Amino acid sequence: MRFHFKTSYDQDIRLFPDWWNFSLYVALLLLMLVLPWLIDGFYLGEVTNVLIWAVAGLGLMLLTGQTGQVSLGHSAFMALGCYSCVNFMELGLPFLAAFLLAGIVTGIIGAIIAIPALKLHGVYLAIFTLALAILADDLIVILEPWTGGVNGYFAPVIEIFGIEINRWAAPETWYYLALGTSIFVALLYRNLLRSPLGRAFAAVRDSEISAQAMGVDVARTKTLAFGLSCAFAGLGGALMGLFAGAFNNETFNFLIAIQLLMMIIIGGLGFIHGAFLGAIVIAFLPQFLSILTDNLGSASIPGLETGVFGMILIAFILFEPMGLYGRWLKIRTWLELFPFARRDMFRRQKTYLKTERLR
Amino acid sequence: MSLLELDGVTLKFGGVTAVNNLSMSVNEGEVFALVGPNGAGKSTVFNMISRFYRPVRGSIRFDGEDLLNHRAHEIANLGIARTFQNIELFERATVLQNLLVGRHRHRRSTLPEQLFFAGRIRAEEREHRHAVEEVIDFLDLQVYRDKMIAGLPYGVRKVVELARALATKPRLLLLDEPASGLSVEETQDMRWWIDDIRRQMGITVLMVEHDMGLVSKVCDRVLALADGAKLAEGTPAEVQSHPAVIEAYLGTSAVSKTANAQGERV
Amino acid sequence: MDVLQLLLSGLANGCVYGLVALGFVLIYKATEAVNFAQGDFMMLGAFVMVGLVNPHFMGLNFWLAVPIALIIMGALGYLLDLTVLRFMFGQSQTAVVILTISLGFVIRFVAGVIWGHEPQNLHSPLALGDVRFGGVVLSLADIAVIVVTLLMTLALWQFFQRTKLGLAMQAASQNQMAAYYMGIPVKRVQGAVWALAGIVACVAGILYGSKGTLDISAGFIGIKAFAAAVIGGFGSLPGALMGGLIVGVIEPFAARYLPTGYSQIAPYAILIFVLVFRPHGLFAQVRVKKV
Amino acid sequence: MSALLEVKNLETFYGPIMAIRGVSLEVQKGQVVTVLGANGAGKTTLLKTISGIMDPEKGQILFEGDPIQGREPHQVVRRGIVQVPEGREVFPLLTVEENLSLGAYTRSDRAEIARDRDMVFSYFPILAERREQEAGTLSGGQQQMLAIGRGLMLRPKIMLLDEPSLGLSPLLTQEIFDILRRLNKDEGVTMMLVEQNAAVALDLADQGYVMELGRIVMADSAAKLAASEDIQSFYLGHANEGARGERRWKKRKTWR
Amino acid sequence: QTRGVTDSEILIGGAHDLSGVFAAVSTPAVNGANLFFEQVNANGGVHGRQIRYITEDHGYQLPRATQAYNKLIERDGVFAMLLNLGTPHNLAHYPLMERRGVPNISPLTAARAILPEPPGMNFVAFSSYYDQVQAGIEYLNAETGATNVCSMYLPTDFGEEIALSSREAAERLGLNYVDETTHRPDEQDFVGAVSRLRDAGCQIITQALGVRAGITVVGTAKRLGWEDAMFLTTSAGFLEPVAMVPGGVTDGLYASSGWQDLYARANDEAPAAFIEAYQARYEQPASGFAMLGYTAAQNLVMALEEAGPDLTTENFVAAMESLDFDDALLGTHVSYGADHQGSNDIFISQVGDGAWHTIARIDGDTMETVDMTGE
Ligand SMILES: Nc1ncnc2c1ncn2[C@@H]1O[C@H](COP(=O)(O)OP(=O)(O)OP(=O)(O)O)[C@@H](O)[C@H]1O
Ligand SMILES: Nc1ncnc2c1ncn2[C@@H]1O[C@H](COP(=O)(O)OP(=O)(O)OP(=O)(O)O)[C@@H](O)[C@H]1O
Ligand SMILES: CC(C)C[C@H](N)C(=O)O
Ligand SMILES: [Mg+2]
Ligand SMILES: [Mg+2]
């Protein structure tokens, strides 16, 4: 059984509440740093992929988990991030500059797009953004000079301070790029959560009316949330496109946006950890399933993996609608209370919904 | 000196005239109560001051400023805070986080400072926390500090809402039925809190309340509203003995009984 | 003439969107959940019909198969609620969204296993034969779609407006706890509406299948139907029909008159346009909360 | 006389939080029983557990001798138990009239229903005036009237009232209690009443319980409770009886 | 040791769409390939090695395809890829296949770009969409004298290639390219587009649409009374179900593709045997894409046999290049040679009475046309 004693305000302000927590994350970081020596190229590629999804997922998490706005159109912003990154690189900018600039540009455009969407909620915002994602596909074709149209782009050579980031020749370089980006984004996210803007996000999510009464400019807050969310998604998109090696209008299909939403909900809405856990499920589970079914002769039932994947997702949601991180929190509480926890402590009490048609 | 002034304010919802040509003024430093039958338009008056509604006619001035030129989220910046009749808290956040949102209007850090948690933000956060802790101490909310709102009983939520409003450090505090759902004991607490809010913090209070006992204990002036229009105005005793108020609000047959029962609660 | 033809074809097509949109709205109206698998329900309904009617499956008479298919799909909707959705009772809308999207994966997989991945044609008497009048041609299926959709919308609308169960469904969606306090068996009511949605999807599927070729990705029509429902103001039955008609009519006109490369984006552009000016659709169901 | 409603050793949890800690009580047919208690004592939780809105972990709830604990709420309602919930849980997008007709969901006698609706309208004329208004736009007090009226439409055997006077004007509070008294006396409706306005509640009730932190700490006839010193000082606020008066410090309750 | 090859096994990979919009193409192709491999394995394999065909499902999504290729090449270490579906999915992974030295055999797309210059280790079985359209338009122009060319296409690389070829064919032959329309995969109704093309005076309309849409377009034109329109689809629309639509909806539709329809030759020996074997194994009728899968597997195995027991990628590639035979099942001459394209023939087929009928064969190099209606 562990107790949390608080002795100063700073404990709630600091990045890590206590030494124990801090050392856990340091240990995790060390593990991540030596990972290329522990696993082979294939798995390293998969971990890289998971991290890239997590970056994009953090973007959507900020919007959906923190501000309560559901977007089914983040694939469009991932595309925007990817295409602008490549265009900046073609203009001669070094990769890192192009990459960060791509995030910023995506954020600004996202914020501008958010303006007409400010009055939208729930399903209305969801379909609005879904429409954006579908239109993005056509827009990429129309904007051929910048996007290469349907033929798309082959990823240019990436160099950071003279080191070539090459997926096939040196998978660990890509891994470190994805790891660095995900840590960077997670850090920004965490900083937001402990500052006024993060609290304003939660306020807007829970009650727009009383947020207003507290002086929160709901429109501005939502615009910022959308912009930041798009910026993160843009970074994720840039990585995803470059990692794939080639991309065109079909790469950032709206199905990507839907998977992104699945990811953050399965992972646990509103938690940074949720984005990472969800990414593992969405990005790695299909791969895991196909490894598993290889020996069963998966071709005998076409689409089996996808079918099983769907069923597993259903099981996840039924088992823990609050997401994997929610489940982990319960396990942790149980461990912390040990041996005083009751077995039925986490049994769900009946819950009831009220309409969300009142704003 | 009058801090808040409503002049000829009218608001209609379809066929219902919720507030009808109402004029009133609240002086700096006083506790002012709005009473009246259910549906008289009291909450609507609050909602107009908060700029959730725009009156079809009339003007609302706060400290010389025309509130109708401001949008809802600017009202708090002018120094007006409020609570809600049916409690509007941020359900999926802790009490502490709710109160910190109350500090929103006092933030100074920029977006990059917040994103990178650099510069003055850390000092500012300590400051916010300090201010909030004072409110927590004042309202005895220590045990609930890190509790989620979703699991709190009704009465505690009422207090948290008051705390959140206080955290904004307002000049004018609007309380919509602060004592409804509170037990006698808690209502007594509320009474002293309102007293202190006025005396120690120098905050002007405008409140809606059906508990005439509380009203008569803490209020300087009372305005009775019926069908959106002014029925009577004066000291609590004057208004309570006004025949029209008794007729429409306090009840004729049961005057003595109700007034007693209610009165004795505080 | 041309214009009339475009209009009528657009209406017939819009009615299909409207029918699927009705399914969305039904479930939303009674549970406030969005069933992202509604398009796949329709696909499944159509394929159940294919299984019953087509010669290399069971080869039943079309009109005999219709009620059987409706019953199968209704039962399926109810069973789905009983075995899956009921466990999500009281959980957030977004969780249900993910659940139904996953359900769509599973439905497509199962349909692929049973009926194969190749396009199929429902052997429907409505598929054959055109009706011509004044230079305009409509297929029998088009006419059937229009008639059935209008009747369905009217019937369902009346159901919600007039009947006790319809009212109870609305109540259950607005406040589940209070609905229970009124003695409304909320879960069973929700089961009923899933069954109803299954039936509506089946009707849509049969008509859709009569209009043309089917494959297991036919469910993607659900996206446009969803757009249609939102244009109408999610939660309004006449709105769903209206939204469907708008999307349906826009399409042929855009294809006919807009420049190449732009016409196919018209339905989505309209959706965005509508939402910018009417954030909650034409027949808005969203209110500002009174505090 | 056997009890109409009997609660035995009830325990209810919110996840890890134990909100009801072994409560037992009885409500005789035709009686009005009031449950008093401070904030968070567990009164609402108790009523919700009886109605089946929440599941108890342990204990029994007997209605007319049959166990009903852990049932689905609609089954409980069908036995004749209606709860008027705390905080006006109306159907916000339905009209006043539709809200009322939902109150009669379990009934099918049209003529009787119409009569009862007229009765509710006669109790609360403002509702008749606003019968086409969406319930969500009513004022707080009007919604409370609607919630009570809707409960009456069910023609229950027992009403569980959770703070019925919440947000009502003094006049209406008085009227509501007059109505409850009449229903109890004339129609024999049994009631279990949770109320912060203890004076009126004890005045109406036959029997009273006091809850603290999930436990019953006092149980007696209403008259005796009203006379007890603790009740007088903490729930009735008799200033002169000396508990707190014009002082700001609190006296500890004897049962703590 | 050669990658993916052990003493007892050869691993072959395939990245497919088994659950997305092109599942109707991938599924029978995978089945067809597996049918052949099963036969080979049952007969002792290739030089004593069993062939294992590992397929991954990417649902026609690029990120999933990346994972699929990553697994097949990096984890499973396959010897070669067979029947990878999708143009962008293939193209995006050429660098990987090239770097790891994985031959890409008979990808399931007929895009021009699939066969780069120089071809490296990529082998395609048939002529490209581009060539198919060139040949088809030339044939229709020669046969009917029609001069007005139009195109209906999805704005994808697949669609763009067909539109481009239509434009260039019109230019090459001195015809008019009159109008074009673009579409979305989820489009339901084509009355607007069809009436637009009719009003524009189109005569030959090339199609690069989804299967369902292609059928609907032809039906819509008929219903609107536009009987003399000549719709021309490519190998992507050359499927049995297109011909089998009840009521003769698709009667008259032309297809230009790299192989002959299976059922058009159902009485010939090889197709008949295949149809029977497939039906017996999978309990569903065989299809054109099943045949493609089967023959692709067959070509692969022939090259493996040819390469001998000391299998290396180099001698396998050399063996592929040396294949030169008449494929009785496809009804074409196959010879990969230096250009790495198996068959240069293009067949013009037309729907009639619920089936495809081959009406002409065109030599892809010389554009020499042989009438086959009389056969
Ligand atoms: N959005 C609205 N639409 C229609 N009518 C409304 C709306 N808001 C308020 N009303 C009506 O306006 C009148 C005044 O309501 P208000 O909420 O101000 O009453 P109140 O004085 O606060 O009453 P209570 O003491 O019951 O809270 C009521 O009759 C109410 O029904
Ligand atoms: N959803 C919840 N999650 C966790 N704990 C809860 C929840 N709801 C109530 N509780 C806890 O259960 C206890 C009893 O609450 P309950 O609402 O029954 O009190 P009450 O007596 O009705 O109070 P009030 O007079 O304020 O309405 C409280 O301590 C409260 O903190
Ligand atoms: C099999 C084909 C229809 C695939 C399509 N041509 C593509 O490029 O993806
Ligand atoms: Mg009010
Ligand atoms: Mg309570």
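Throughout, protein chains are lettered first and strands after them, A, B, ... in sequence-line order, and every chain is numbered starting at 1. Below, each value reflects all heavy atoms present in this structure, side chains not excepted, and no hydrogens, waters or symmetry copies. Just so you know, these numbers come straight off a predicted model, no measurement behind them.
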Under 3.5 Å, sequence neighbours excluded: what are the donor-acceptor pairs made by side chains of residues 276-287 of chain A?
from: A:Gln287; atom 1: NE2; to: A:Glu46; atom 2: OE2; distance (Å): 3.0
from: A:Gln287; atom 1: NE2; to: E:Gln67; atom 2: O; distance (Å): 2.8

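Residues E:Pro63 and A:Ile256 meet the side-chain proximity criterion, which asks for heavy atoms closer than 4.5 Å. Residues E:Arg64 and A:Thr306 have side chains in contact (heavy-atom distance under 4.5 Å, counting atoms from C-beta outward). The shortest distance between side-chain heavy atoms of A:Phe309 and E:Asp57 does not fall below 4.5 Å.
Neither the backbone nor the side chain of A:Phe252 comes within contact range of chain E; no heavy atoms are under 4.5 Å apart. Using a 4.5 Å cut-off between heavy atoms, A:Ala169 touches chain E through backbone and side chain atoms alike. Of the two parts of A:Ile52, neither the backbone nor the side chain holds a non-hydrogen atom closer than 4.5 Å to a non-hydrogen atom of chain E. With a 4.5 Å cut-off on non-hydrogen atoms, E:His16 does not touch chain A at all.
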Could you walk me through whether E:Gln61 and A:Glu250 satisfy the side chain to side chain donor-acceptor pair (under 3.5 Å) test, starting with their C-alpha distance in whole Å, then the side-chain angles of each, then the deciding distance to 0.1 Å, before giving a yes or no?
CA-CA 7 Å; E:Gln61 291 173 47; A:Glu250 295 175 35; over 6 Å; no

Hey, mind stepping through E:Tyr60 and A:Leu255 against side chain to side chain contact (heavy atoms under 4.5 Å, CB included) and telling me if it holds?
CA-CA 10 Å; E:Tyr60 209 76; A:Leu255 293 174; over 6 Å; no

Please test A:Asp138 against E:Arg184 for salt bridge (Lys or Arg N to Asp or Glu O under 4.0 Å), starting from the C-alpha separation and ending with a verdict.
CA-CA 9 Å; A:Asp138 294 288; E:Arg184 291 196 61 83; 2.4 Å; yes

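Scanning all heavy atoms of the two residues, the minimum distance from E:Ser19 to A:Gly303 falls at CB-CA, 4.4 Å. Between A:Ala244 and E:His93 the shortest heavy-atom distance is O-NE2, 4.2 Å.
Interface remark: of the candidates E:Thr27, E:Asp17, E:Leu91, E:Leu96, E:Leu96 forms the most heavy-atom pairs closer than 4.5 Å to chain A. Annotation: maximal heavy-atom pairing with chain E below 4.5 Å, among A:Thr251, A:Val141, A:Asn151, occurs at A:Thr251. Of the listed residues A:Asp40, A:Asp137, A:Asn253, A:Asn49, the one with more heavy-atom pairs under 4.5 angstrom with chain E than any other is A:Asn49. Ranked by heavy-atom pairs shorter than 4.5 Å toward chain A, the options E:Thr156, E:Asp186, E:Thr182 are led by E:Thr156. Interface check for chain A: of the options E:Arg99, E:Glu74, E:Glu161, the most heavy-atom pairs under 4.5 Å are formed by E:Arg99.
With a 6.0 Å radius and a threshold of 12 heavy atoms from other residues, nucleotides or ligands, E:Gln39 has its CD atom above the threshold.
The line from CZ of A:Phe42 to CG of E:Leu72 is 9.0 Å long, rounded to the nearest 0.5 Å. To the nearest 0.5 Å, the span separating CE on A:Met240 from CG on E:Leu62 amounts to 11.0 Å.
With hydrogens and angles ignored, the 3.5 Å screen pairs a side-chain donor or acceptor of A:Asn249 with a backbone N or O of E:Pro155.
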